[in-house]
Trainee: 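One structure coming up, written as structure tokens, with questions to follow.
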Amino acid sequence: MSDKPQHFIADAIQADLDSGNHDSIVTRFPPEPNGYLHVGHAKSICLNFGIAQEFGGQTNLRFDDTNPEKEDQEYIDAIRRDVAWLGFEWAKECYASDYFEQLYAWAQDLIQRDLAYVDELDAEQMRAYRGTLKQPGQNSPFRDRPAQESLDLFAGMRAGDFAEGQYILRAKIDMAHPNINMRDPALYRIRRAHHPRTGDAWNIYPTYDFAHGQSDAIEQITHSLCTLEFEDHRPLYEWFIDNLPVPGQPRQIEFSRLQLEHCLTSKRKLLALVTEGHVQGWDDPRMPTISGMRRRGFTPASIRDFCSRIGVTKKANTIEMSLLETCLRSDLENTARRGFAVQDPIKLTITNWPQGEVLALDAAWHQRVPELGTRPLEFDGTVYIDRADFEEVPPPKYFRLKPGGSVRLKYAFIVDFESLIKDEQGNIAEILCTYDPATRSGQDESGRKVKGTIQWVPSQSVPAEMRLYDRLFSDPNPVGDDLINELNPESLVLKQGLVEPALAAVEVGEIVQFERIGFFRKDEDSSASEPVFNRAVTLKDGWAKAQKKG
RNA sequence: UGGGGUGUGGCCAAGUGGUUAAGGCAGCGGUUUUUGGUAUCGCCAUUCGAAGGUUCGAAUCCUUCCACCCCAGCCA
């Protein structure tokens with residue numbers, strides 16, 4: 001894990017600093033508030049804020065709110081929360097809509113200089129005139145409309161004199177340009193929609209292309225970092241910067257977007273998951289959204305670490321889930337408190353335990369991190385262990401409890417198998433053991449060694465709902481067109497388990513380790529009587545792996 | 001010959017003509033361990049999309065070819 005970003009964008013910025021192009025740098029993170037941020041945005045956030053920090057610069061949070069129909073204050077609020085949660089502070093909070101008046105003036109300027117015109121082709125006609133990827137387009141019959149006429153029409157568009165789609169402002173560049181984006185791109189369209197910030201003040205809205213670069217220039221952005229699909233827009237971006245009296249010379253640099261296995265990172269498709277009810281909301285712990293990951297149990301540090309480990313290039317990439325999981329585990333390893341929980345309880349009774357005696361144990365929250373303190377744990381001769389920790393007919397090298405075997409109940413005693421009690425169906429209802437008083441943890445002088453040490457919960461434990469989350473999509477590279485069939489039917493498995501009292505009492509939002517199981521975050525759905533825990537990630541399971549290999 | 005990009009091990013990714021091609025993740029094997037976790041040690045590309053060429057020397061330069069991605073919203 002390197003601390004200095006070492007990639008082509010850092011190199012480019014360094015070069016701009018060295019050459020004297022810039023004395024300091026300013027970047028921006030420019031989401032459109034039309035949905036929740038996801039892990040792909042996290043990459044962009046970490047890149048933009050991280051690179052600015054690295055070079056002593058600043059980063060703005062700018063909402064690219066140029067298309068009111070899809071945007072909402074709810075998204076603005078969520079985005080602010082998510083960026084802050086990730087641990088970044090923006091120098092300024094900006095909105096493209098703050099520049100609408102300036103943008104309008106620049107559009108007029110372009111018209112006056114015969115670099116833009118009001119067209120009245122409808123969308124379909126425009127497409128026809130645009131030509132194809134291999135064939136040049138044709139000029140609109142309105143292309144040579146006198147500037148004054150365009151100016152008047154443009155004013156009328158703004159004033160609300162026309163219907164949506166009736167007129168459109170276009171740049172006058174080159175309808176035969178090999179780059180389709182340069183074939184007289186749309187600058188302003190009529191939209192009678194309520195804007196979350198400007199309300200009904202405007203009847204026309206600038207397009208992304210007309211707003212983005214100029215907004216960058218207004219904010220004195222030095223490096224405008226965006227994803228690869230905007231590469232083709234760069235000539236247009238530069239055309240505006242070159243043809244308008246903008247107060248800055250931002251440079252656009254593109255990098256490849258993040259693809260995560262078993263995930264979708266398209267706002268449109270994530271929206272569908274939410275609206276079609278396949279998940280419980282934008283913050284469903286299975287969602288690759290920042291809010292979903294937060295609720296799942298990911299930490300800001302783990303996500304930042306992930307983003308630094310995946311690198312920044314222009315190459316298409318699909319990152320394996322295991323890397324994200326590794327980042328989480330490694331962040332939590334030395335910080336999360338550990339406690340006992342069982343997902344599938346089975347009663348274990350110590351037959352030689354003194355009737356009524358209760359032994360109060362003091363167990364470390366983290367065996368290697370004493371600063372985390374201890375929690376009380378009561379042992380009264382009846383405990384619950386996980387069904388997975390007993391096998392009547394064990395496979396070879398099974399270290400857990402089995403007929404004729406012994407196992408240590410962590411922080412307590414070694415117990416020796418005695419017998420089983422089964423119900424009418426033949427299922428194991430209870431395990432009977434004896435304990436070895438000489439083997440008490442911390443004061444064991446018996447010299448006995450056992451291969452297995454397992455967690456357990458006391459007789460007075462708390463029932464808890466455990467939400468075991470797994471990948472949302474079965475396929476590593478889901479398409480997202482056929483949600484029903486692509487979704488992993490086992491992306492959520494509910495368990496009614498038991499947790500020791502101290503674990504049940506942790507604060508909502510705390511992430512703990514259920515020893516030998518995984519890291520879990522106490523969910524907001526918890527009630528006073530029943531805690532709810534979300535499984536963020538399992539522990540690595542070498543035994544399961546060995547079993548699978550056979 | 002539309003335009004724009006990208007090709008280094010299973011997944012990422014350094015490398016910018018000169019030791020045997022960094023590192024991480026995954027995998028495999030060992031040690032430690034009162035979490036089959038953690039930690040730790042070792043192994044894991046004669047080869048850089050392919051073929052030619054330049055050079056004493058090439059993943060790095062040249063040529064040709066191949067593969068994959070993006071673009072025809074009044075979305076961003």
Side-chain angles (χ1 to χ4, degrees), chain A residues 1-2 6-7 11 30-32 34 64 66-67 69-70 119 121-123 126-128 130-137 164-170 176-183 185-191 204-205 207-209 211-212 226-235 254 256 261 267-268 308-327 329-330 333-334 338 340 367-368 397-400 407-412 414 439 441-442 444 449-455 476 513-518 538-547:
Chain A
M1 182 169 61
S2 69
Q6 175 64 44
H7 50 69
D11 292 345
E32 181 189 13
N34 67 343
D64 227 331
T66 56
N67 187 13
E69 289 173 324
K70 295 181 177 176
D119 199 356
L121 251 29
D122 63 29
M126 240 176 96
R127 195 186 323 130
R130 184 154 36 227
T132 69
L133 293 178
K134 299 190 177 186
Q135 287 168 301
E164 285 192 12
Q166 197 176 343
Y167 289 103
I168 184 155
L169 183 72
R170 295 228 255 166
H177 198 108
N179 179 345
I180 291 214
N181 293 304
M182 300 299 272
R183 320 241 260 235
L187 267 34
Y188 267 93
R189 70 286 213 201
I190 300 172
R191 280 291 125 86
I204 55 174
Y205 292 91
T207 57
Y208 161 84
D209 285 311
H212 204 93
C226 63
T227 43
L228 244 30
E229 65 267 29
F230 293 103
E231 228 162 6
D232 291 340
H233 291 248
R234 191 179 346 121
E254 311 85 9
S256 57
E261 279 193 345
K267 272 192 201 168
R268 207 194 90 237
S308 90
R309 291 209 214 185
I310 59 178
V312 179
T313 66
K314 297 183 72 127
K315 189 182 139 190
N317 61 84
T318 303
I319 310 294
E320 292 176 344
M321 259 306 179
S322 60
L323 181 60
L324 218 206
E325 295 178 341
T326 289
C327 292
R329 293 194 192 102
S330 97
E333 177 56 31
N334 296 314
R338 281 113 215 257
F340 293 161
Q367 215 162 21
R368 274 187 303 101
K397 293 188 182 167
Y398 187 80
F399 299 158
R400 284 108 99 144
V407 74
R408 172 175 289 281
L409 297 180
K410 189 166 182 176
Y411 292 135
I414 289 177
T439 59
S441 286
D444 186 341
K449 290 281 181 197
V450 287
K451 280 262 183 60
T453 297
I454 62 174
Q455 89 282 14
Q513 184 189 107
F514 285 1
E515 231 168 300
R516 300 209 308 133
I517 301 176
T538 62
L539 256 32
K540 278 205 214 162
D541 191 344
W543 171 241
K545 198 183 288 180
Q547 288 294 285

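Just so we're on the same page: letters track the sequence lines, and every chain starts at 1.
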Trainee: With rounding to the closest Å, how many angstrom separate the P atoms on G27(B) and A22(B)?
Mentor: 22 Å
Trainee: What is the per-nucleotide protein-contact pattern of nucleotides 38-43 of chain B, from the 5' end, where B denotes a base atom under 4.0 Å from a protein heavy atom, S denotes such proximity for sugar-phosphate atoms only, and - denotes neither?
Mentor: S-----
Trainee: When you check the phosphate oxygens OP1 and OP2 of A76(B), does a side-chain N or O of Thr66(A) lie under 4.0 Å from one of them?
Mentor: yes
Trainee: Using a heavy-atom cut-off of 4.0 Å across all strands, would you classify Leu121(A) as base, sugar-phosphate, or nothing?
Mentor: base
Trainee: With no angle test and no hydrogens, is the base of G3(B) tied to the side chain of Asp232(A) by a donor-acceptor pair under 3.5 Å?
Mentor: yes
Trainee: Considering every strand shown, what is the Watson-Crick or G-U wobble mate of G7(B) when both distances are under 3.5 Å?
Mentor: C66(B)
Trainee: A76(B) phosphate, OP1 or OP2: any side-chain N/O from Lys267(A) under 4.0 angstrom?
Mentor: no
Trainee: Under a 3.5 Å cutoff, is there a donor and acceptor pairing between the side chains of Arg408(A) and Ser441(A)?
Mentor: yes
Trainee: Do the side-chain N or O atoms of Arg127(A) get closer than 4.0 angstrom to the phosphate oxygens (OP1, OP2) of G73(B)?
Mentor: yes
Trainee: Within the structure, does a side-chain N or O atom of Thr313(A) lie under 4.0 Å from either OP1 or OP2 of A13(B)?
Mentor: yes
Trainee: Whom does G27(B) pair with, Watson-Crick or G-U wobble, provided both distances fall under 3.5 Å?
Mentor: C43(B)
Trainee: Under 4.0 Å between any heavy atoms, over every strand shown, what does Ile319(A) touch: base, sugar-phosphate, or nothing? Just pick one.
Mentor: sugar-phosphate
Trainee: Is the phosphate of C75(B) approached by Arg191(A) (side-chain N or O, under 4.0 Å from OP1 or OP2)?
Mentor: yes
Trainee: Does G15(B) have OP1 or OP2 sitting under 4.0 Å from an N or O in the side chain of Gln6(A)?
Mentor: yes
Trainee: Side chain to side chain donor-acceptor pair (under 3.5 Å) with Gln547(A): which residues, sequence neighbours excluded?
Mentor: none
Trainee: Taking the C1' atom in each of C68(B) and C62(B), what is the distance between them to the nearest angstrom?
Mentor: 24 Å
Trainee: Applying a 4.0 Å non-hydrogen cut-off, can you work out what Ser256(A) is touching in the nucleic acid: base, sugar-phosphate, or nothing?
Mentor: nothing
Trainee: Please work out if Ile310(A) contacts a base, only the sugar-phosphate, or nothing of the nucleic acid, heavy-atom cut-off 4.0 Å.
Mentor: sugar-phosphate
Trainee: Please state the P separation for the pair A13(B) and G52(B) - nearest whole angstrom.
Mentor: 29 Å
Trainee: For the P atoms, the ones on C48(B) and on A59(B), what distance do you get once it is rounded to whole angstrom?
Mentor: 7 Å
Trainee: From CG of Leu133(A) over to C1' of G73(B), roughly how many Å is that when rounded to an integer?
Mentor: 14 Å
Trainee: Could you work out the separation of C12(B) and U1(B) based on their P atoms and round it to a whole Å?
Mentor: 34 Å
Trainee: Has the side chain of Asn179(A) got a donor or acceptor atom that lies under 3.5 Å from a matching backbone atom of His177(A)?
Mentor: no
Trainee: Take atom C1' in C61(B) and the same atom in G73(B), then report the distance between them in whole Å.
Mentor: 42 Å
Trainee: Between atom NZ in Lys70(A) and atom C1' in A76(B), what is the gap in whole Å?
Mentor: 7 Å
Trainee: Can you tell me the Watson-Crick or wobble partner of G2(B), both distances under 3.5 angstrom?
Mentor: C71(B)
Trainee: Between G17(B) and U55(B), how far apart are the C1' atoms? Round to whole Å, please.
Mentor: 9 Å
Trainee: Is Trp543(A) stacked on the base of G36(B) when the test is centres under 5.5 angstrom and planes under 30 degrees?
Mentor: yes
Trainee: Does the structure show a Watson-Crick or G-U wobble partner for U60(B), both distances under 3.5 Å? Name it, or say none.
Mentor: none
Trainee: Provide the distance between the two P atoms, one in G29(B) and one in U38(B), to the nearest whole Å.
Mentor: 15 Å
Trainee: Going by the side-chain hydrogen bond (donor to acceptor under 3.5 Å, both in side chains) test, name the single residue among Arg516(A), Glu515(A), Lys410(A) that passes it with Gln455(A).
Mentor: Arg516(A)
Trainee: What does U20(B) pair with, Watson-Crick or G-U, if both distances are under 3.5 Å?
Mentor: none
Trainee: If you look at every strand shown and take non-hydrogen atoms under 4.0 Å, does Arg408(A) touch a base, only sugar-phosphate, or nothing?
Mentor: base
Trainee: Classify Gly442(A) by what it touches in the nucleic acid, base, sugar-phosphate, or nothing, heavy-atom distance under 4.0 Å.
Mentor: base
Trainee: Across the strands shown, which category fits Gly165(A) at heavy-atom distances under 4.0 angstrom: base, sugar-phosphate, nothing?
Mentor: base
Trainee: Expressed in angstrom and rounded to an integer, what is the separation of Ile180(A) atom CD1 from G3(B) atom P?
Mentor: 12 Å
Trainee: Sort out the partner of U38(B) for me: Watson-Crick or G-U wobble, both distances under 3.5 Å, none otherwise.
Mentor: none
Trainee: On the nucleotide G4(B), are OP1 or OP2 found under 4.0 Å from the side-chain N or O atoms that Lys314(A) carries?
Mentor: no
